[in-house]
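Beneath this line is the structure, given in structure tokens, with notes to follow.
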Amino acid sequence: MSSLTQSQALAAAISAAIGAAIERGDLVGTIPVTIPLERPKNRDHGDYATSVALQLAKPAGMSPRAVAELLQSDLLDLPEVSSVEIAGPGFINITLNRSNQAELVSTILSSPETYGTGNSLSGISINLEFISANPTGPLHLGHTRWAAVGDSLGRVLSAAGALVTREFYINDRGNQMDLFGKSVEAAALGQPIPEDGYQGDYISDLADAVVKENPKIKELAAETRYESFREAAYKVQLAEQQGVLETFNTHFDVWFSERSLHEAGAVEHALTKLRTQGHVFDSEGAIWLRTTDFGDDKDRVITKANGDLTYFASDTAYYINKRERGFDICIYMLGADHHGYVNRLRATAACAGDNPDYNVEILIGQLVKIMEGGEEVKLSKRAGTIITLEELVEKVGVDAARYTLIRYPVDTPMVMDIDILRRNTNENPVYYVQYAHARIAAVLRNVAELGIPIGLSNFDPSQLSHDRENELLGTLAEFPVVVAAAATFREPHRVARYLEELAGVYHGFYADCRVLPLGEEAISPLHSARANLCAATKQVLANGLELLGVSAPERM
RNA sequence: GUCCCCGUAGCUCAGUGGAUAGAGCAACCGCCUCCUAAGCGGUAGGUCGCAGGUUCAACUCCCGCCGGGGACACCA
């Protein structure tokens, strides 16, 4: 029995028991669509608990405990159940047969790589867009959060069976690009940077790089010279972003250029499509999309009165382009400063004839604050006090940076304390989790050295009856449920939190359950069983860390 | 003004409408002559911002306040 079906099977059994009671006429009511089934925090409350009797009591006109009693014997008849207790106001606490639970080790070890994956999003094609920074500067802290979380979410969605395309939208068009080109040009010529231009030190570095590569660039005609600078610097900057993201374990399937969108005539195409849907109108010389038809605060301009296209035009065309590429769901991960996009993007989808509640999803991420030396580091592009992805990695390493950023739900502002992350002690949860993995690796090295037989043919589940073993098995069983929930709610932090719990449970097991023979003790089936349990735990830790893009070290 | 997010232990934060609200850090007390002590066990620490409502049951859902952060464009 795999673990996902363990809870599913129980829920189904409870449904069946309710159905039988109704059939017999003992119970009045209907079977709830979903059966509340949870793993109680308190171990005294069994392996699983359900409050379904409390729910059914009122419509049935019975006391919750009486309802629970109706279901008790049916549940007790299940082979995997060892006891069913009614507790408190009417909770049903179910304890599973231990050796039956221990079969989970076989499940994990027989399909090690895929344990935890599922099919809850099977066949759904998802476009996951994140970061999408302008190619006019280095990636900063906000981008870094998205890099970690977006990448991990991609992994989680894939694990749930979705067909995921990770996409980076390059805003390589418009005034900002021109300003960028002029800024680099000015730096190269030793002239003052334009008023609204880009100020950071990296601009002069870019200028040096560009001049080095194109020695004659300064001699070009002054009127259009900035364009050459723009193009050359763009290439350098984009390549740098791509390189940095690679080192951060963040992979994109598609780097989508805004220019290519325009070159392909996507805006006109989108306008045509939107016109047929009847939400485009002309006013004051401009062309508008009536997004207010679908909950936006105001209508949006697509083509300005002077004929220029707005950014909204690009965004709209891009959305339609994504849908025409066959994506069922378009997920946008945006910063808090973009929350005004939510309504207009949803409205755009509706204008295009899509379902804004299904085809488009917008995840808004809150800001990251940085503490260093006990003080908040104020971030300002102007003052040049931005922290880049590269700097963060330099300070704390890829694993700690990724883990810390993923560990929190994105809709809460978070504080990163650089000093703590740099200390590399167990104050940082990533080490706690990685240590558990490395510790098991050490145990398994000793297992191999001592010649303890391991593997499915040397596994006797009935050996595992200790409370700690049972607790560990129960936690391992949760992994697929956690992954599925992380995918459903788009919340990879659930995986990180789970791993911390699993690591803690393992450490507890390790303290109380000796794996290796002690002294002259003979090797027994218990040693093999525990070694296999260790191997299964190691696998789940590794699978979980993989979903976060964090390494699982063999030694620390 | 309108909208979004947040308010839980000293700090940083988890918490599917369920039982005695949790973890890490910080504080205090214990545990290595044999598996990695980057670990384990224990103690202490709470008006879940405030006030109503829905419910058998509210930290969780709804309404209103208070406090903190952020966003509004024919900018990019």
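Each chain gets a letter, A, B and so on, in the order its sequence line appears, and its residues count up from 1. Computed over heavy atoms, backbone and side chain alike; hydrogens, waters and symmetry mates excluded. Keep in mind that this is a model prediction, so the values were computed, not measured.
Here the closest non-hydrogen pair linking A/Gly335 and A/Ile364 is O-CD1, 4.0 Å.
Note on A/Arg497: every side-chain N or O is 4.0 Å or more away from OP1 and OP2 of B/U16. In terms of phosphate contacts, A/Lys298 brings no side-chain nitrogen or oxygen within less than 4.0 Å of OP1 or OP2 of B/C72. Distances shown here put a side-chain N or O of A/Arg344 below 4.0 Å from the OP1 or OP2 atom of B/A73. Distances shorter than 4.0 Å separate none of the side-chain N or O atoms of A/Asn343 from OP1 or OP2 on B/C72.
Counting only heavy atoms from C-beta on, A/Arg494 has its side chain closest to B/U16 among B/A19, B/A73, B/U16. Each of B/C40, B/A19, B/C74 was ranked by its minimum atom distance to the side chain of A/His507; first place goes to B/C40. Of the candidates B/A19, B/C56, B/A37, B/A37 carries the atom nearest the A/Arg439 side chain, counting heavy atoms from C-beta on. For A/Ala442, taking side-chain heavy atoms from C-beta onward, the closest of the listed nucleotides B/A14, B/C74, B/U36 is B/U36. Here B/A19 is the nucleotide among B/A19, B/C35, B/A14 with the atom lying nearest to any side-chain atom of A/Phe91. The A/Lys58 side chain lies nearest to B/C56 when the options are B/C34, B/U36, B/C56. Nearest to the side-chain atoms of A/Ser51 among the listed nucleotides B/G18, B/U36, B/A73 stands B/G18.
Atom name C1', nucleotides B/G10 and B/C3: the rounded distance is 35 Å, in whole Å. B/G18 and B/C61 have their P atoms separated by 11 Å, with the value rounded to a whole Å. As rounded to the nearest Å, B/U47 and B/C59 have C1' atoms that lie 13 Å from one another. Here the separation of B/C48 from B/G7, taken at their C1' atoms, is 10 Å to the nearest Å. If you take atom P in B/A14 and the same atom in B/G49, they sit 14 Å apart, rounded to whole Å. Rounded to a whole angstrom, the distance from the P atom of B/U60 to that of B/G52 is 14 Å.
Positionally, the nearest nucleotide of RNA chain B for A/Leu54 lies more toward the 5' end than for the other of A/Leu54 and A/Phe509. Both A/Ala438 and A/Pro89 sit near RNA chain B, but only A/Pro89 has its closest nucleotide nearer the 5' end.
With respect to A/Arg346 and A/Asp357, a salt bridge is recorded, a charged nitrogen being found less than 4.0 Å from a carboxylate O. Using a cutoff of 4.0 Å between basic side-chain nitrogens and carboxylate oxygens, A/Lys182 and A/Glu185 are not scored as salt-bridged. A/Arg275 and A/Glu268 are not joined by a salt bridge, as no carboxylate oxygen comes within less than 4.0 angstrom of a charged side-chain nitrogen.
Separation of the A/Tyr341 and A/Tyr332 ring centroids does not fall under the 6.0 Å cut-off. For A/Tyr506 and A/Phe509, the distance between ring centers is under 6.0 angstrom.
Here B/C48 sits opposite no nucleotide as a Watson-Crick or G-U wobble pair (both hydrogen-bonding atom distances under 3.5 Å). Across all strands shown, B/C40 is found opposite B/G30 as a Watson-Crick or G-U wobble partner, with both distances under 3.5 Å.
With hydrogens and angles left out, the side chain of A/Asn93 and the base of B/A19 share a donor-acceptor pair within 3.5 Å.
Residues from residues 301-311 of chain A placing a heavy atom under 4.0 Å of any atom in RNA chain B, listed by number, are A/Val301, A/Lys304, A/Ala305, A/Tyr311.
Distance check, rounded to the nearest 0.5 Å: CG of A/Asn470 to OG1 of A/Thr475 gives 9.5 Å. Between A/Trp146 atom CH2 and A/Ser132 atom OG the span is 11.0 Å, to the nearest 0.5 Å.
Base orientation of B/C31: anti (glycosidic angle beyond 90° from 0).
Under the stacking criterion of a centre-to-centre distance below 5.5 angstrom and an interplanar angle below 30°, A/Tyr432 is not stacked against the six-membered ring of B/G24.
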